[in-house]
Amino acid sequence: MACSKPWRQLIEKVIDGEATAAERHELEAHMKTCADCRRHFHELEEVISALQSAEPAAPPPNFTEGVMRRIERPHGREASPLLRWLKRHPIATAAAFFIVLMTGYILSLWEQAPFQAVVNGSGDIKYENNRTVVVPKGEVIKGDLIVQNGKVKIEGKVQGNVVLINSRHLMASAGEVTGDIKEINQVLEWLWYRVKQTFAHIFFAVPSESSRSLTPSRLWMAPL
Amino acid sequence: MSDHIHHLINKVKAGDHDAFAKIVDLYKGQVYNICLRLIGIPAEAEDIAQESFIRAYTNIDRFETDKKFSTWLFKIATNLCIDYLRKKKPGASLDAELPGTDGYNMYAQLAASDPSPEEQVAASEMSDWLHAEIRRLPPKYRSAIVLKYVEDLSLKEISEILDIPVPTVKTRIHRGREALRKRLVRDRVKR
């Protein structure tokens with residue numbers, strides 16, 4: 001009949017070499033009287049010593065040559081170092097690919113951007129030759145004026161900001177701008193401006209006419 | 001030893017094939033024995049042991065030099081063997097754990113009552129008998145027993161190789177050797 005579970009656990013502990021000296025003595029004392037535990041202990045010892053005494057098998061001859069032959073084979077059609085690097089760094093590859101495409105896209109937007117004047121608010125503007133936008137005398141623009149790839153002449157008033165993207169400001173007369181005049185003549189500046197605008201519209205959307213830039217209240221496109 | 005290995009690994013990373021041949025020579029015995037004890041068929045064991053080295057070679061860049069190379073290599077070999085055993089025994093398996101029993105499966109049920117094939121009983125040498133019995137253990141006990149007693153690895157190394165916590169390693173070793181002990185007793189009674 002099997003002995004109690006705590007004794008069996010102590011046997012495991014002693015065999016694993018994790019028992020204290022006191023525990024070992026306790027088990028030895030117990031095994032003097034308990035034939036069942038004694039037999040269990042010796043059987044386990046026997047299994048373990050048989051396991052440990054097993055002679056390791058020698059690996060087959062030419063094992064190393066076999067491995068090296070199998071390694072050489074794929075290396076015959078070895079890819080170029082660049083290709084291998086790309087394969088090994090898929091995320092970097094994807095990021096680089098993305099950046100290249102994005103840069104091309106942004107640059108093309110910048111290069112191809114047409115002459116365009118937008119009023120985010122109310123007020124009328126007029127056009128002159130040579131891609132020039134005029135805020136006529138006596139006209140008051142309540143809101144922002146954004147001009148891209150052109151020139152602007154302010155003779156009236158702008159109660160807001162004037163943003164000049166790749167554009168020039170011809171301060172011909174006593175025009176008045178209550179907000180800032182921002183000139184953006186670099187791709188990066190322009191990009192930053194676009195990012196800021198996008199965020200402003202997404203997160204701080206004011207439910208007023210002047211904020212609806214995706215459907216601007218007034219949009220004039222001059223024929224080029 | 002570990003400095004020597006790391007030196008060789010750096011050479012391999014730099015594209016030195018001969019350095020890898022030296023690494024194979026150093027570890028082929030242990031890797032082959034792990035595979036042989038886990039799989040039991042010499043030809044298959046050789047194939048998987050070679051495959052282990054090839055995987056190590058192609059993934060050498062992923063080996064982190066602050067770790068122990070042998071642990072990493074044995075992990076590759078053990079995983080390949082376990083995959084092989086899984087593929088060989090498709091469908092319902094005695095290895096499947098019974099729900100809610102923490103590692104108890106149908107093998108444990110069989111161990112006490114199922115008569116073993118006669119050829120195993122007739123095996124003349126204890127070690128032949130034992131290795132045949134190891135192969136009849138469920139793979140998860142088999143891998144723990146082989147790494148612990150045949151390869152003489154520490155519990156911590158085994159836990160890293162098998163990706164299981166140390167207490168689980170212990171449990172598997174205990175269950176595995178208890179199953180072997182029961183079979184030893186049973187076969188003795190028959191003889």
Side-chain angles (χ1 to χ4, degrees), chain A residues 1-2 5 8-19 35-81 84-90 92, chain B residues 15 17-18 20-37 42-43 45-47 49-54 56-59 61-62 125-131 133-134 145-146 148-152 155 170-171 173-174 176-185 188:
Chain A
M1 205 189 79
K5 206 178 167 194
R8 287 292 145 87
Q9 285 170 341
L10 187 57
I11 290 175
E12 300 284 356
K13 219 171 156 187
V14 170
I15 289 211
D16 285 337
E18 291 172 346
D36 189 57
C37 278
R38 196 162 60 233
R39 192 166 57 242
H40 187 98
F41 186 88
H42 290 306
E43 283 162 2
L44 270 181
E45 271 194 333
E46 197 178 349
V47 166
I48 290 166
S49 74
L51 281 167
Q52 285 172 332
S53 67
E55 283 286 312
N62 302 326
F63 182 92
T64 307
E65 288 76 3
V67 172
M68 297 317 286
R69 217 175 23 248
R70 283 169 71 177
I71 284 172
E72 306 286 342
R73 213 185 310 138
H75 270 254
R77 45 187 167 83
E78 189 179 352
S80 73
R84 267 194 302 165
W85 188 90
L86 291 178
K87 263 187 197 167
R88 242 179 261 149
H89 302 88
Chain B
H17 278 206
D18 295 341
F20 193 72
K22 280 178 194 150
I23 293 179
V24 177
D25 275 333
L26 280 171
Y27 289 108
K28 64 181 177 186
Q30 278 174 291
V31 171
Y32 175 69
N33 270 279
I34 289 174
C35 296
L36 182 64
R37 295 309 170 211
E46 180 184 1
D47 193 52
Q50 288 194 342
E51 182 63 29
S52 307
F53 281 108
I54 289 157
Y57 179 80
T58 49
N59 293 303
D61 285 327
R62 285 196 209 153
E125 278 185 52
M126 176 72 176
S127 117
D128 285 355
W129 171 86
L130 198 69
H131 286 303
E133 286 300 330
I134 289 174
I145 288 280
V146 166
K148 169 76 181 152
Y149 292 114
V150 181
E151 292 304 323
D152 200 24
L155 293 178
K170 265 194 193 175
T171 307
I173 291 170
H174 287 180
R177 75 189 178 199
E178 179 60 17
L180 291 175
R181 187 195 65 83
K182 277 186 180 155
R183 290 173 199 187
L184 174 77
V185 173
R188 244 188 220 148

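Each chain gets a letter, A, B and so on, in the order the sequences are listed, and its residues count up from 1.
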message = What verdict does the side-chain contact (heavy atoms from CB on, under 4.5 Å) test give for R177(B) and E12(A), after you've listed the backbone C-alpha separation in whole Å, the side-chain angles of each residue and the deciding distance to 0.1 Å?
response = CA-CA 10 Å; R177(B) 75 189 178 199; E12(A) 300 284 356; 2.4 Å; yes
Should D16(A) and H174(B) be marked as a side-chain contact (heavy atoms from CB on, under 4.5 Å) after you check the CA-CA gap, both sets of side-chain angles, and the distance that decides it?
CA-CA 9 Å; D16(A) 285 337; H174(B) 287 180; 2.5 Å; yes
Bottom line for A45(B): the part with an atom under 4.5 Å from chain A's heavy atoms is neither
If one checks every heavy atom of K170(B) against chain A at 4.5 Å, the contacting part turns out to be side chain
Would you mind telling me which of [options] has the largest number of heavy-atom pairs within less than 4.5 Å of chain A?
options: D25(B), I134(B), I145(B), V150(B); result: D25(B)
options: P42(B), A21(B), G29(B); result: A21(B)
options: R37(B), Q30(B), E51(B); result: E51(B)
options: I173(B), D47(B), V31(B); result: D47(B)

Applying a strict 4.5 Å limit to non-hydrogen atoms, the region of E18(A) in contact with chain B is side chain
Distance, nearest 0.5 Å, that separates [atom1] of [X] from [atom2] of [Y]:
X: E43(A); Y: L180(B); atom1: CD; atom2: CG; answer: 12.0 Å
X: Y27(B); Y: T64(A); atom1: OH; atom2: OG1; answer: 14.0 Å
X: E178(B); Y: H40(A); atom1: CD; atom2: NE2; answer: 4.5 Å
X: D61(B); Y: R88(A); atom1: CG; atom2: CZ; answer: 4.0 Å

Ring pair (Phe, Tyr, Trp, His ring centres under 6.0 Å) filter on F53(B), not counting sequence neighbours, yields F63(A)
Does the pair Y149(B) and V47(A) meet the rule for a side-chain contact (heavy atoms from CB on, under 4.5 Å), with working shown?
CA-CA 10 Å; Y149(B) 292 114; V47(A) 166; over 6 Å; no
Would you name the heavy atoms of [X] and [Y] that are closest together and state the gap between them?
X: N62(A); Y: Q50(B); answer: O-NE2, 4.4 Å
X: A57(A); Y: L36(B); answer: CB-CD2, 3.5 Å
X: P59(A); Y: Y32(B); answer: CA-CD2, 3.5 Å

